[in-house]
*Asks:* 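The structure under discussion is supplied below as C-alpha coordinates; questions concerning it will follow.
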2 protein chains.
Amino acid sequence: MAAIKLSEKQKELIEKLGIMLERSGTTPAQARIIALLMISDRVELSFDEIRETLQLSKSATSNGLNTLLMADRITYTTKMGDRKRYFKSKMATLGTDFEKQFNQLVKVKEIFQEILENRTKETPEFNDKMAKLIDFLDYFQQEFPALMKKWETRQ
Amino acid sequence: MAAIKLSEKQKELIEKLGIMLERSGTTPAQARIIALLMISDRVELSFDEIRETLQLSKSATSNGLNTLLMADRITYTTKMGDRKRYFKSKMATLGTDFEKQFNQLVKVKEIFQEILENRTKETPEFNDKMAKLIDFLDYFQQEFPALMKKWETRQ
DNA sequence: TTTTTAGTTCTGCAATAAGAGAACTAAATT
DNA sequence: AATTTAGTTCTCTTATTGCAGAACTAAAAA
(Lines give C-alpha, C1' and ligand atoms only; values in the text may rest on other atoms or scores of the structure.)
Protein backbone atom coordinates (compact mmCIF):
# COMPACT_ATOMS: atom_id res chain seq x y z
CA MET A 1 0.00 0.00 0.00
CA ALA A 2 2.11 2.84 -1.27
CA ALA A 3 -0.88 4.98 -2.24
CA ILE A 4 -0.81 8.61 -1.18
CA LYS A 5 -3.74 9.90 0.80
CA LEU A 6 -5.55 12.72 -0.94
CA SER A 7 -8.32 14.96 0.26
CA GLU A 8 -11.50 15.15 -1.77
CA LYS A 9 -10.48 18.61 -2.88
CA GLN A 10 -7.15 17.29 -4.10
CA LYS A 11 -8.84 14.51 -6.03
CA GLU A 12 -11.20 17.00 -7.57
CA LEU A 13 -8.32 19.25 -8.59
CA ILE A 14 -6.44 16.35 -10.14
CA GLU A 15 -9.40 15.54 -12.35
CA LYS A 16 -9.98 19.18 -13.21
CA LEU A 17 -6.40 19.90 -14.16
CA GLY A 18 -6.24 16.49 -15.81
CA ILE A 19 -9.01 17.39 -18.20
CA MET A 20 -7.29 20.64 -19.14
CA LEU A 21 -4.07 18.83 -19.82
CA GLU A 22 -5.80 16.18 -21.89
CA ARG A 23 -7.16 18.91 -24.08
CA SER A 24 -3.63 20.01 -24.79
CA GLY A 25 -2.72 16.59 -26.08
CA THR A 26 -1.67 14.31 -23.26
CA THR A 27 -3.30 10.96 -22.49
CA PRO A 28 -5.52 10.70 -19.41
CA ALA A 29 -2.86 8.75 -17.54
CA GLN A 30 -0.15 11.30 -18.33
CA ALA A 31 -2.47 14.16 -17.45
CA ARG A 32 -3.22 12.66 -14.04
CA ILE A 33 0.44 12.03 -13.35
CA ILE A 34 1.33 15.66 -14.02
CA ALA A 35 -1.63 16.82 -11.98
CA LEU A 36 -0.81 14.54 -9.06
CA LEU A 37 2.75 15.81 -8.95
CA MET A 38 1.47 19.37 -8.77
CA ILE A 39 -1.17 18.73 -6.17
CA SER A 40 0.08 16.15 -3.71
CA ASP A 41 1.59 17.40 -0.47
CA ARG A 42 4.80 15.59 -1.19
CA VAL A 43 6.56 17.00 -4.20
CA GLU A 44 8.46 13.87 -5.15
CA LEU A 45 6.69 10.57 -5.59
CA SER A 46 7.93 7.10 -6.46
CA PHE A 47 6.71 4.90 -9.30
CA ASP A 48 4.57 2.81 -6.99
CA GLU A 49 3.13 5.78 -5.16
CA ILE A 50 2.01 7.23 -8.43
CA ARG A 51 0.75 3.88 -9.69
CA GLU A 52 -1.27 3.05 -6.62
CA THR A 53 -2.59 6.53 -5.98
CA LEU A 54 -3.86 6.85 -9.52
CA GLN A 55 -4.79 3.17 -9.79
CA LEU A 56 -2.89 2.67 -12.99
CA SER A 57 -1.31 -0.47 -14.35
CA LYS A 58 2.46 -0.80 -14.30
CA SER A 59 2.61 -0.43 -18.06
CA ALA A 60 0.53 2.72 -18.11
CA THR A 61 2.63 4.17 -15.32
CA SER A 62 5.90 3.23 -16.96
CA ASN A 63 4.92 4.52 -20.38
CA GLY A 64 3.34 7.64 -18.98
CA LEU A 65 6.37 8.54 -16.89
CA ASN A 66 8.80 7.87 -19.70
CA THR A 67 6.83 9.89 -22.19
CA LEU A 68 6.69 12.78 -19.75
CA LEU A 69 10.40 12.48 -19.03
CA MET A 70 11.19 12.55 -22.72
CA ALA A 71 8.94 15.54 -23.23
CA ASP A 72 10.79 17.12 -20.34
CA ARG A 73 7.61 17.80 -18.42
CA ILE A 74 8.83 15.96 -15.31
CA THR A 75 12.20 15.00 -13.83
CA TYR A 76 13.30 12.66 -11.13
CA THR A 77 15.76 12.60 -8.30
CA THR A 78 17.45 9.65 -6.65
CA LYS A 79 18.48 9.08 -3.06
CA MET A 80 21.57 7.28 -1.80
CA GLY A 81 20.88 3.77 -0.70
CA ASP A 82 17.52 3.76 -2.44
CA ARG A 83 16.94 2.27 -5.82
CA LYS A 84 13.73 4.10 -6.48
CA ARG A 85 13.41 7.18 -8.59
CA TYR A 86 11.37 10.05 -7.25
CA PHE A 87 9.46 11.91 -9.89
CA LYS A 88 8.62 15.56 -9.67
CA SER A 89 6.81 18.11 -11.73
CA LYS A 90 8.99 20.45 -13.70
CA MET A 91 7.56 23.78 -12.78
CA ALA A 92 9.22 25.03 -15.92
CA THR A 93 6.59 23.03 -17.77
CA LEU A 94 4.35 25.94 -18.36
CA GLY A 95 7.21 28.16 -19.28
CA THR A 96 8.09 25.47 -21.78
CA ASP A 97 4.53 25.02 -22.96
CA PHE A 98 4.36 28.70 -23.45
CA GLU A 99 7.52 28.75 -25.44
CA LYS A 100 6.28 25.81 -27.48
CA GLN A 101 3.12 27.66 -28.38
CA PHE A 102 5.22 30.64 -29.26
CA ASN A 103 7.37 28.58 -31.59
CA GLN A 104 4.26 27.10 -33.09
CA LEU A 105 3.10 30.63 -33.80
CA VAL A 106 6.35 31.38 -35.56
CA LYS A 107 5.78 28.39 -37.79
CA VAL A 108 2.22 29.38 -38.54
CA LYS A 109 3.46 32.79 -39.54
CA GLU A 110 6.09 31.30 -41.80
CA ILE A 111 3.61 29.08 -43.61
CA PHE A 112 1.20 31.97 -43.98
CA GLN A 113 3.99 33.99 -45.48
CA GLU A 114 4.79 31.23 -47.92
CA ILE A 115 1.13 30.93 -48.83
CA LEU A 116 0.78 34.65 -49.39
CA GLU A 117 3.87 34.74 -51.57
CA ASN A 118 2.40 32.01 -53.71
CA ARG A 119 -1.12 33.38 -53.91
CA THR A 120 -2.60 34.81 -57.07
CA LYS A 121 -2.51 38.60 -57.13
CA GLU A 122 -6.09 38.65 -58.44
CA THR A 123 -7.59 38.62 -54.94
CA PRO A 124 -6.19 41.75 -53.28
CA GLU A 125 -8.88 41.94 -50.62
CA PHE A 126 -8.21 38.45 -49.37
CA ASN A 127 -4.48 38.88 -49.64
CA ASP A 128 -4.58 42.10 -47.69
CA LYS A 129 -6.39 40.41 -44.82
CA MET A 130 -3.77 37.75 -44.83
CA ALA A 131 -0.97 40.27 -44.89
CA LYS A 132 -2.51 42.00 -41.92
CA LEU A 133 -2.68 38.77 -40.00
CA ILE A 134 0.94 38.00 -40.79
CA ASP A 135 1.89 41.47 -39.72
CA PHE A 136 0.20 41.00 -36.40
CA LEU A 137 1.94 37.68 -35.80
CA ASP A 138 5.19 39.31 -36.68
CA TYR A 139 4.55 42.20 -34.36
CA PHE A 140 3.64 39.91 -31.52
CA GLN A 141 6.75 37.89 -32.08
CA GLN A 142 8.86 41.00 -32.00
CA GLU A 143 7.29 42.41 -28.87
CA PHE A 144 7.01 39.28 -26.82
CA PRO A 145 10.63 38.94 -25.70
CA ALA A 146 10.53 42.55 -24.49
CA LEU A 147 7.41 41.79 -22.52
CA MET A 148 9.18 38.86 -20.92
CA LYS A 149 12.16 40.97 -20.01
CA LYS A 150 9.99 43.67 -18.53
CA TRP A 151 8.38 41.11 -16.27
CA GLU A 152 11.69 39.65 -15.21
CA THR A 153 13.12 43.00 -14.19
CA ARG A 154 9.92 43.89 -12.40
CA GLN A 155 10.36 40.80 -10.21
CA MET B 1 -15.39 17.43 -63.23
CA ALA B 2 -15.65 20.31 -60.82
CA ALA B 3 -12.14 19.86 -59.47
CA ILE B 4 -9.99 22.96 -59.19
CA LYS B 5 -6.61 22.89 -60.89
CA LEU B 6 -3.77 23.34 -58.47
CA SER B 7 -0.08 23.81 -59.09
CA GLU B 8 2.34 21.43 -57.45
CA LYS B 9 3.34 24.21 -55.09
CA GLN B 10 -0.26 24.74 -54.08
CA LYS B 11 -0.72 21.04 -53.41
CA GLU B 12 2.41 21.01 -51.34
CA LEU B 13 1.23 24.00 -49.32
CA ILE B 14 -2.15 22.42 -48.70
CA GLU B 15 -0.48 19.36 -47.22
CA LYS B 16 1.96 21.44 -45.22
CA LEU B 17 -0.64 23.73 -43.72
CA GLY B 18 -2.95 20.73 -43.35
CA ILE B 19 -0.49 18.98 -41.08
CA MET B 20 -0.11 22.07 -38.91
CA LEU B 21 -3.85 22.36 -38.56
CA GLU B 22 -4.25 18.69 -37.73
CA ARG B 23 -1.87 19.20 -34.87
CA SER B 24 -4.19 21.80 -33.47
CA GLY B 25 -7.04 19.35 -33.37
CA THR B 26 -8.85 19.20 -36.71
CA THR B 27 -9.35 16.04 -38.75
CA PRO B 28 -7.30 15.60 -41.92
CA ALA B 29 -10.33 16.34 -44.08
CA GLN B 30 -11.18 19.51 -42.18
CA ALA B 31 -7.56 20.60 -42.23
CA ARG B 32 -7.36 20.20 -46.00
CA ILE B 33 -10.59 22.10 -46.51
CA ILE B 34 -9.32 25.08 -44.55
CA ALA B 35 -6.00 24.92 -46.32
CA LEU B 36 -7.59 24.68 -49.76
CA LEU B 37 -9.74 27.72 -49.07
CA MET B 38 -6.64 29.68 -48.12
CA ILE B 39 -4.54 28.56 -51.04
CA SER B 40 -6.72 28.19 -54.12
CA ASP B 41 -6.81 31.09 -56.55
CA ARG B 42 -10.55 31.36 -56.19
CA VAL B 43 -11.54 32.42 -52.70
CA GLU B 44 -14.99 30.84 -52.72
CA LEU B 45 -15.50 27.23 -53.65
CA SER B 46 -18.59 25.06 -53.93
CA PHE B 47 -19.24 21.77 -52.17
CA ASP B 48 -18.37 19.75 -55.27
CA GLU B 49 -15.30 21.77 -56.09
CA ILE B 50 -13.96 21.09 -52.62
CA ARG B 51 -15.01 17.46 -52.74
CA GLU B 52 -13.46 16.69 -56.09
CA THR B 53 -10.33 18.74 -55.61
CA LEU B 54 -9.57 17.06 -52.31
CA GLN B 55 -10.93 13.69 -53.45
CA LEU B 56 -13.19 13.32 -50.45
CA SER B 57 -16.45 11.45 -50.15
CA LYS B 58 -19.69 13.39 -49.94
CA SER B 59 -20.10 12.48 -46.30
CA ALA B 60 -16.62 13.59 -45.34
CA THR B 61 -17.11 16.84 -47.22
CA SER B 62 -20.51 17.47 -45.70
CA ASN B 63 -19.43 16.70 -42.15
CA GLY B 64 -16.18 18.57 -42.53
CA LEU B 65 -17.84 21.71 -43.87
CA ASN B 66 -20.56 21.67 -41.24
CA THR B 67 -18.13 21.19 -38.40
CA LEU B 68 -16.04 24.08 -39.68
CA LEU B 69 -19.12 26.25 -40.08
CA MET B 70 -20.20 25.51 -36.54
CA ALA B 71 -16.74 26.26 -35.24
CA ASP B 72 -16.94 29.50 -37.21
CA ARG B 73 -13.76 28.79 -39.08
CA ILE B 74 -15.38 29.18 -42.49
CA THR B 75 -18.48 30.91 -43.88
CA TYR B 76 -20.36 30.71 -47.12
CA THR B 77 -22.04 33.05 -49.53
CA THR B 78 -24.86 32.37 -51.94
CA LYS B 79 -25.57 33.77 -55.37
CA MET B 80 -28.94 34.61 -56.88
CA GLY B 81 -30.25 31.99 -59.23
CA ASP B 82 -27.73 29.46 -57.94
CA ARG B 83 -28.57 26.86 -55.36
CA LYS B 84 -24.99 26.18 -54.41
CA ARG B 85 -23.26 27.56 -51.39
CA TYR B 86 -19.79 28.98 -51.82
CA PHE B 87 -17.53 28.37 -48.89
CA LYS B 88 -14.72 30.67 -47.91
CA SER B 89 -12.05 30.83 -45.28
CA LYS B 90 -12.73 33.16 -42.41
CA MET B 91 -9.54 35.12 -42.25
CA ALA B 92 -10.56 35.94 -38.70
CA THR B 93 -9.81 32.30 -37.92
CA LEU B 94 -6.39 32.97 -36.61
CA GLY B 95 -7.49 35.97 -34.66
CA THR B 96 -10.06 33.67 -33.13
CA ASP B 97 -7.60 30.87 -32.56
CA PHE B 98 -5.37 33.33 -30.88
CA GLU B 99 -8.11 34.54 -28.65
CA LYS B 100 -9.04 30.95 -27.84
CA GLN B 101 -5.52 30.21 -26.73
CA PHE B 102 -5.56 33.34 -24.68
CA ASN B 103 -8.76 32.30 -22.93
CA GLN B 104 -7.27 28.87 -22.38
CA LEU B 105 -4.38 30.58 -20.66
CA VAL B 106 -6.74 32.42 -18.37
CA LYS B 107 -8.28 29.11 -17.36
CA VAL B 108 -4.89 27.54 -16.75
CA LYS B 109 -4.01 30.44 -14.52
CA GLU B 110 -7.22 30.07 -12.58
CA ILE B 111 -6.71 26.38 -11.94
CA PHE B 112 -3.13 27.00 -10.92
CA GLN B 113 -4.35 29.58 -8.49
CA GLU B 114 -6.85 27.16 -7.04
CA ILE B 115 -4.17 24.52 -6.73
CA LEU B 116 -1.79 26.87 -5.02
CA GLU B 117 -4.44 27.96 -2.55
CA ASN B 118 -5.05 24.34 -1.66
CA ARG B 119 -1.42 23.29 -1.46
CA THR B 120 0.28 22.41 1.78
CA LYS B 121 2.40 25.24 3.14
CA GLU B 122 5.19 22.77 3.93
CA THR B 123 6.71 23.12 0.47
CA PRO B 124 7.58 26.80 0.16
CA GLU B 125 10.12 26.33 -2.60
CA PHE B 126 7.68 24.56 -4.86
CA ASN B 127 4.89 26.93 -3.98
CA ASP B 128 7.03 29.93 -4.74
CA LYS B 129 7.80 28.63 -8.20
CA MET B 130 4.14 28.15 -8.78
CA ALA B 131 3.34 31.61 -7.53
CA LYS B 132 5.90 33.04 -9.90
CA LEU B 133 4.35 31.20 -12.81
CA ILE B 134 0.92 32.44 -11.89
CA ASP B 135 2.26 35.92 -11.61
CA PHE B 136 3.70 35.72 -15.08
CA LEU B 137 0.46 34.48 -16.54
CA ASP B 138 -1.33 37.26 -14.79
CA TYR B 139 1.13 39.82 -16.05
CA PHE B 140 0.83 38.56 -19.58
CA GLN B 141 -2.92 38.67 -19.39
CA GLN B 142 -2.80 42.22 -18.18
CA GLU B 143 -0.36 43.40 -20.80
CA PHE B 144 -1.72 41.62 -23.81
CA PRO B 145 -4.69 43.86 -24.57
CA ALA B 146 -2.40 46.86 -24.51
CA LEU B 147 -0.09 45.12 -26.94
CA MET B 148 -3.04 44.52 -29.24
CA LYS B 149 -4.11 48.14 -29.06
CA LYS B 150 -0.64 49.34 -29.79
CA TRP B 151 -0.58 47.28 -32.94
CA GLU B 152 -3.97 48.48 -34.05
CA THR B 153 -3.08 52.14 -33.71
CA ARG B 154 0.22 51.55 -35.42
CA GLN B 155 -1.68 50.26 -38.45
C1' DT C 1 22.49 -18.66 -5.07
C1' DT C 2 17.91 -17.50 -4.64
C1' DT C 3 14.72 -13.84 -4.05
C1' DT C 4 13.16 -9.27 -4.21
C1' DT C 5 12.87 -4.80 -6.20
C1' DA C 6 11.96 -1.55 -9.65
C1' DG C 7 10.71 -1.26 -13.27
C1' DT C 8 10.26 -2.53 -18.96
C1' DT C 9 8.32 -4.85 -22.74
C1' DC C 10 4.93 -7.64 -25.02
C1' DT C 11 0.57 -9.25 -26.26
C1' DG C 12 -4.25 -8.27 -26.67
C1' DC C 13 -8.60 -5.97 -26.00
C1' DA C 14 -12.16 -2.31 -26.00
C1' DA C 15 -13.34 2.15 -27.33
C1' DT C 16 -13.14 5.78 -30.42
C1' DA C 17 -12.55 8.16 -34.76
C1' DA C 18 -12.19 9.23 -39.74
C1' DG C 19 -14.06 8.51 -43.69
C1' DA C 20 -16.11 5.62 -47.69
C1' DG C 21 -20.28 4.40 -49.99
C1' DA C 22 -24.91 4.01 -50.51
C1' DA C 23 -29.47 5.34 -49.45
C1' DC C 24 -32.14 9.11 -48.67
C1' DT C 25 -34.45 13.99 -49.02
C1' DA C 26 -36.19 18.46 -50.27
C1' DA C 27 -36.24 21.87 -53.51
C1' DA C 28 -35.74 23.21 -58.20
C1' DT C 29 -35.75 21.96 -63.29
C1' DT C 30 -37.36 19.82 -67.20
C1' DA D 1 -44.82 13.99 -63.26
C1' DA D 2 -40.13 12.68 -63.61
C1' DT D 3 -35.46 14.01 -63.06
C1' DT D 4 -31.63 16.59 -61.41
C1' DT D 5 -29.24 19.11 -57.95
C1' DA D 6 -27.18 19.87 -53.66
C1' DG D 7 -26.47 18.13 -50.26
C1' DT D 8 -27.57 14.99 -45.53
C1' DT D 9 -27.76 10.90 -42.95
C1' DC D 10 -26.96 6.04 -42.04
C1' DT D 11 -24.25 1.94 -41.98
C1' DC D 12 -19.90 -0.34 -42.12
C1' DT D 13 -14.83 -0.76 -42.38
C1' DT D 14 -10.42 0.26 -41.07
C1' DA D 15 -7.00 2.34 -38.26
C1' DT D 16 -5.48 4.09 -34.05
C1' DT D 17 -5.19 4.73 -29.11
C1' DG D 18 -4.98 3.96 -24.30
C1' DC D 19 -4.46 0.85 -21.22
C1' DA D 20 -4.61 -3.67 -18.57
C1' DG D 21 -2.33 -7.87 -17.45
C1' DA D 22 1.20 -10.93 -17.74
C1' DA D 23 5.77 -12.16 -18.86
C1' DC D 24 10.20 -10.63 -18.62
C1' DT D 25 14.92 -8.43 -17.01
C1' DA D 26 18.83 -6.41 -14.62
C1' DA D 27 20.61 -5.03 -10.47
C1' DA D 28 20.60 -5.35 -5.57
C1' DA D 29 19.60 -7.78 -1.22
C1' DA D 30 19.17 -11.74 1.54
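Just so it is clear: chains get the letters A, B, ... in the order the sequence lines come, proteins before strands, and each one is counted from 1. On a predicted model such as this, the values are computed, not experimentally measured, just so you know. Computed over heavy atoms, backbone and side chain alike; hydrogens, waters and symmetry mates excluded.
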*Asks:* Let me know the distance between CD of Glu49(A) and P of dT5(C), rounded to the nearest Å.
*Replies:* 15 Å

*Asks:* Which whole-number value in Å describes the distance from Phe47(A) CZ to dT9(C) C1'?
*Replies:* 12 Å

*Asks:* Measuring from Asp135(A):CG to Phe112(A):CZ, what's the distance to the nearest 0.5 Å?
*Replies:* 14.0 Å

*Asks:* Starting from C1' on dT8(C), measure out to CD1 on Ile50(A) and report it in whole angstrom.
*Replies:* 16 Å

*Asks:* Considering just the side-chain nitrogens and oxygens of Thr27(A), establish if one lies under 4.0 Å of OP1 or OP2 belonging to dT17(D).
*Replies:* no

*Asks:* Does Glu110(A) pair with Lys107(A) as a salt bridge, N-O distance under 4.0 Å?
*Replies:* no

*Asks:* Are any of the side-chain heavy atoms of Phe47(B) and Arg85(B) separated by less than 4.5 Å?
*Replies:* no

*Asks:* Please report the distance, rounded to the nearest Å, between CG in Leu68(B) and P in dG7(D).
*Replies:* 15 Å

*Asks:* Can you tell me which residue pairs pass the salt bridge (Lys or Arg N to Asp or Glu O under 4.0 Å) test with a partner in residues 16-28 of chain B, sequence neighbours excluded?
*Replies:* Glu114(A)-Lys16(B)

*Asks:* Classify the ring geometry of Phe102(A) against Phe140(A): parallel below 30°, tilted from 30° to 60°, perpendicular beyond 60°.
*Replies:* tilted

*Asks:* How about NZ on Lys132(B), more than 12 heavy atoms from neighbouring residues, nucleotides or ligands closer than 6.0 Å, or not?
*Replies:* no

*Asks:* What is the distance, to the nearest angstrom, from the CD atom on Glu22(B) to the P atom on dT16(D)?
*Replies:* 13 Å

*Asks:* Determine the interplanar angle of the Phe136(A) and Phe144(B) rings, folded into 0 to 90°, and report it as parallel if under 30°, tilted if 30 to 60°, perpendicular if over 60°.
*Replies:* perpendicular

*Asks:* Can you tell me how far P of dT4(C) sits from CZ of Arg83(A), to the nearest Å?
*Replies:* 13 Å

*Asks:* Phosphate oxygens OP1/OP2 of dG7(D): is one of them under 4.0 Å from a side-chain N or O of Arg85(B)?
*Replies:* yes

*Asks:* Here's a test of your reading of the structure: between Ala29(A) and Gly81(A), which maps to the more 5' nucleotide of DNA chain D?
*Replies:* Ala29(A)

*Asks:* Heavy atoms within less than 4.0 Å of DNA chain C: which residues of residues 53-65 of chain A have one? Give them sorted by number.
*Replies:* Lys58(A), Ser59(A), Ser62(A)

*Asks:* Round to the nearest Å and state the distance from Arg51(B) atom CZ to dG7(D) atom C1'.
*Replies:* 11 Å

*Asks:* Checking all strands, does Asn66(A) fall into the base, sugar-phosphate, or nothing category for heavy-atom contacts under 4.0 angstrom?
*Replies:* sugar-phosphate

*Asks:* Using whole Å, report how far CD of Glu52(A) lies from P of dA20(D).
*Replies:* 14 Å

